[in-house]
Every structure is written in structure tokens, then in C-alpha cells.
Amino acid sequence: MRAEKRRRWDRARVLRHVPFAVVLALVAIAGLRIWQYHWRQGAALIGGALLVAAVLRAALSDEQGGLLTIRSRVIDVLSYAGLGLLILFVALTITGGPLG
């Protein structure tokens, strides 16, 4: 009985970090695209990852949010969404330059 309770508790601890892992995976893909000299796509993916973080933080409780939970829910959502929109705006509006 005790081992089953421990497994359930360990699973809950791991699942708590899945939202952060999703956002981190998107940022890793963005880093790969930037490394392949597709910086605009990479920057747009980073902006999109921050918007995903904002949605996850708004939808999940503090316990379920895991490492996405930094401050209060309102501050986290506004910060993630604001920075994500700003990065998307910059990525989609800059033209020319040495990086294409």
C-alpha cells in the first residue's frame, strides 16, 4: 500500500513539470532554427512559446503550473503574454539586415 502511494506521489511531482517542459521544448526547437540561420522563425517560435506559457499559466492551478509559477497568476500571464507578443512583433516586422 505504501509503495503505491509513493508511486502516485512521484508521478504527481513529475507531471507538475510537464507544462514547463513543453515550453522548454519549444524554445529548444527555436534555438535550433536560429542556429540554422532562420533567426526570424526561431524568434517567432520563442514568442509563441511564451504565449503557450501564458495560456498554460492561466489555465492551470498554482500546483499544476510547476516551474511556470513565479509570481501571482495575473503577473505571470501578463508577463509571458506581453513578452511573447513583443518578440513576435519584432520578429515579424524587422526586414533586411545581415541575417535576412
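Everything quoted here is computed from the prediction, not taken from an experiment.
Formation of a donor-acceptor pair under 3.5 Å by the Tyr80 side chain with backbone atoms of Leu68 is found in this model. Arg33 places no side-chain N or O within donor-acceptor distance of the main-chain N or O of Arg40, the cut-off being under 3.5 Å.
Both Ile70 and Leu83 belong to a common hydrophobic cluster when Ile, Leu, Val, Met, Phe, Trp and Tyr are linked at side-chain heavy-atom distances under 4.5 angstrom. Ile87 and Ile34 fall within the same hydrophobic cluster, where Ile, Leu, Val, Met, Phe, Trp and Tyr residues are linked whenever their side-chain heavy atoms come under 4.5 Å apart, directly or through other members. In this structure, Leu32 is not a member of the same hydrophobic cluster as Tyr37, with clusters built from ILVMFWY side-chain heavy atoms closer than 4.5 Å. Linking ILVMFWY side-chain heavy atoms closer than 4.5 Å, directly or via other members, places Leu86 and Val55 in two distinct hydrophobic clusters. Transitive grouping of hydrophobic side chains (ILVMFWY, heavy atoms separated by less than 4.5 Å) keeps Phe89 and Leu78 in distinct clusters.
Under the 4.0 Å criterion applied to side-chain N and carboxylate O atoms, Asp76 and Arg57 are assigned as salt-bridge partners.
One finds the CG atom of Leu26 at 5.5 Å from the CD1 atom of Ile29 (value rounded to the nearest 0.5 Å). To the nearest 0.5 Å, atom OG of residue Ser79 and atom CG of residue Leu50 are 10.0 Å apart.
Residues Ala30 and Gly42 approach most closely at CB-O, 3.2 Å, considering heavy atoms. Nearest approach of Arg73 to Leu60, heavy atoms of both residues: NH1-O, 2.8 Å. Contact detail for Ala43 and Ala91: the closest heavy-atom pair is CB-CB, 3.6 Å. The nearest pair of heavy atoms linking Ala54 to Val77 is O-CG2, 3.7 Å.
Counting heavy atoms from C-beta on, the side chains of Leu51 and Leu88 come closer than 4.5 Å. A 4.5 Å side-chain heavy-atom check between Gln64 and Arg16 finds every atom pair outside the cut-off.
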Mind running side chain to side chain contact (heavy atoms under 4.5 Å, CB included) on Thr69 and Phe20 for me, showing each step along the way? CA-CA 9 Å; Thr69 304; Phe20 183 72; over 6 Å; no

